[in-house]
2 protein chains.
Amino acid sequence: MEERLDASTGYLLARLGAESRRRWARMLAEHQLTPHHLAVLMSLGHVGPAHQQRVSELIGVDPRNTVAVVGLLQRRGLVERAVDPADRRRHTLTLTADGAGLLARLREQVDAVEDLLLGGLPGHERDQLHGLLARLADTLP
Amino acid sequence: MEERLDASTGYLLARLGAESRRRWARMLAEHQLTPHHLAVLMSLGHVGPAHQQRVSELIGVDPRNTVAVVGLLQRRGLVERAVDPADRRRHTLTLTADGAGLLARLREQVDAVEDLLLGGLPGHERDQLHGLLARLADTLP
DNA sequence: TATTGTTATACTCTATAACTATA
DNA sequence: TATAGTTATAGAGTATAACAATA
């Protein structure tokens, strides 16, 4: 991309985030999935079974827009949706064995995409960047 | 956002980039503009007059999708589109006085949004993050 | 023949209003 | 009355095919 705008960190974040999303999307299209689908699988893999609203918060998607995402995963047998007996308004989402298996296989491809995206930075800077982004994510409302 | 996924730097980038874009979009909606419109104004403010294709590269938007973005800015009198006499296929984009004025006023609001987004990080970490993102942007194809 | 910009189109992503059922 | 999830819809973002003018 030769010359760049460096005026705003927020802009760089949005710009590089879009690039990252684009690469994920291209990779996931082979599996007929979108970045949000993988985000749901990853979040369930990370925190275990969770209510749908919790997952929405974790992946940063409005609950109303999460419905269709989870719906597809359920129809594919990757995620199970069960009414919570303690509060029957709530639906608990759980990874199925198929879902966990697919997630494991996708992680390799995720890592490959990652290496291409971050390949220009030396290892210690990649770690530094990861740490800063993780901390920033924790500070958000 | 309490607990987070920290498995992948690319994911954090996409996640925080979406958050950043969302905040920009909310701010810019008051001016009936989108993040892409501001990106065009910023890029012209940064590199001076430029061909449309060059701007497309700078803001990371396909030239076919840039047409409508620039078209709106032109109709609003913020950007001028002139045929390049040296190569009449090319259109040179230039900020008008109105465009430059609006850009200056928007920068304050951009900074305010930025402070809210990055407020959780101490100053030296914000600088570090900015440097890493700028370097990463330079390494991309 | 290749490049710059354009038109048109379809599909995804995001935001929001209004609803159901449960609490 | 408030909350979890849903339905439906409109707008913005993105990708791609086909084209005109110019080089």
Side-chain angles (χ1 to χ4, degrees), chain A residues 11 14-40 49-75 79-93, chain B residues 11 14-40 49-75 79-93:
Chain A
Y11 177 73
R15 179 84 173 70
L16 290 166
E19 183 63 35
S20 179
R21 159 173 288 273
R22 202 169 292 132
R23 294 177 183 219
W24 277 48
R26 210 144 41 210
M27 179 274 278
L28 289 168
E30 301 165 19
H31 302 273
Q32 285 81 50
L33 294 176
T34 70
H36 283 337
H37 294 117
L38 179 53
V40 170
H51 294 147
Q52 195 159 313
Q53 201 185 41
R54 177 86 198 294
V55 171
S56 293
E57 281 169 21
L58 286 170
I59 67 176
V61 174
D62 188 289
R64 290 169 283 198
N65 297 325
T66 306
V67 176
V69 175
V70 172
L72 175 67
L73 293 174
Q74 185 188 27
R75 284 195 299 282
V79 159
E80 221 175 57
R81 216 186 319 216
V83 171
D84 180 349
D87 180 344
R88 290 174 46 216
R89 293 172 304 181
R90 298 191 158 192
H91 292 189
T92 303
L93 305 181
Chain B
Y11 176 74
R15 178 85 173 69
L16 290 166
E19 183 64 36
S20 179
R21 159 172 288 272
R22 201 170 293 134
R23 294 176 183 218
W24 277 47
R26 209 145 43 210
M27 180 272 278
L28 288 168
E30 301 165 20
H31 302 273
Q32 285 80 50
L33 294 176
T34 69
H36 283 337
H37 294 116
L38 179 53
V40 170
H51 294 147
Q52 197 159 312
Q53 200 186 40
R54 176 85 198 293
V55 170
S56 293
E57 280 169 23
L58 286 169
I59 67 176
V61 174
D62 188 288
R64 289 169 284 199
N65 296 326
T66 306
V67 175
V69 175
V70 171
L72 175 68
L73 293 174
Q74 185 187 26
R75 284 194 298 282
V79 160
E80 221 175 54
R81 214 183 325 214
V83 171
D84 180 349
D87 181 343
R88 289 174 47 213
R89 292 172 304 182
R90 298 191 156 190
H91 291 189
T92 304
L93 305 180

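Proteins get letters first, then strands, A, B, ... in listed order; numbering begins at 1 in each. Here the structure is a predicted model, which means the values were calculated and not measured.
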Sorted by first residue and then second, give each salt bridge (charged side-chain N to carboxylate O under 4.0 Å, His left out) pair with at least one member in residues 28-38 of chain A; sequence neighbours left out.
-> none

Here the distance between atom C1' of D/dT22 and atom CD of B/Q53, to the nearest Å, is 14 Å

A/R21 CZ to D/dA15 P, straight-line distance once rounded to whole Å = 11 Å

Does a nitrogen or oxygen in the side chain of B/Q52 sit under 4.0 Å from OP1 or OP2 of C/dG5?
-> no

Does OP1 or OP2 of C/dT3 have a side-chain N or O of B/H51 closer than 4.0 Å?
-> no

Kindly check if the number of other-residue, nucleotide or ligand heavy atoms within 6.0 Å of CD (B/Q74) is above 12?
-> yes

Under a 4.5 Å cut-off applied to non-hydrogen side-chain atoms, are B/L16 and B/Y11 in contact?
-> no

Please say which of B/H91, B/R90, B/R81 ends up in a side chain to side chain donor-acceptor pair (under 3.5 Å) with B/Q52.
-> B/R81

Scoring nucleotides 15-23 of chain C by protein non-hydrogen atoms under 4.0 Å (B base, S sugar-phosphate only, - none) yields BBB----BS

What is the nucleic acid contact for A/T34, judged by heavy atoms within less than 4.0 Å: base, sugar-phosphate only, or nothing?
-> sugar-phosphate

With sequence neighbours excluded, residues passing side chain to side chain donor-acceptor pair (under 3.5 Å) with A/R21 = none

Closest to the side chain of B/H36, out of D/dA4, D/dG13, C/dT6, is D/dG13

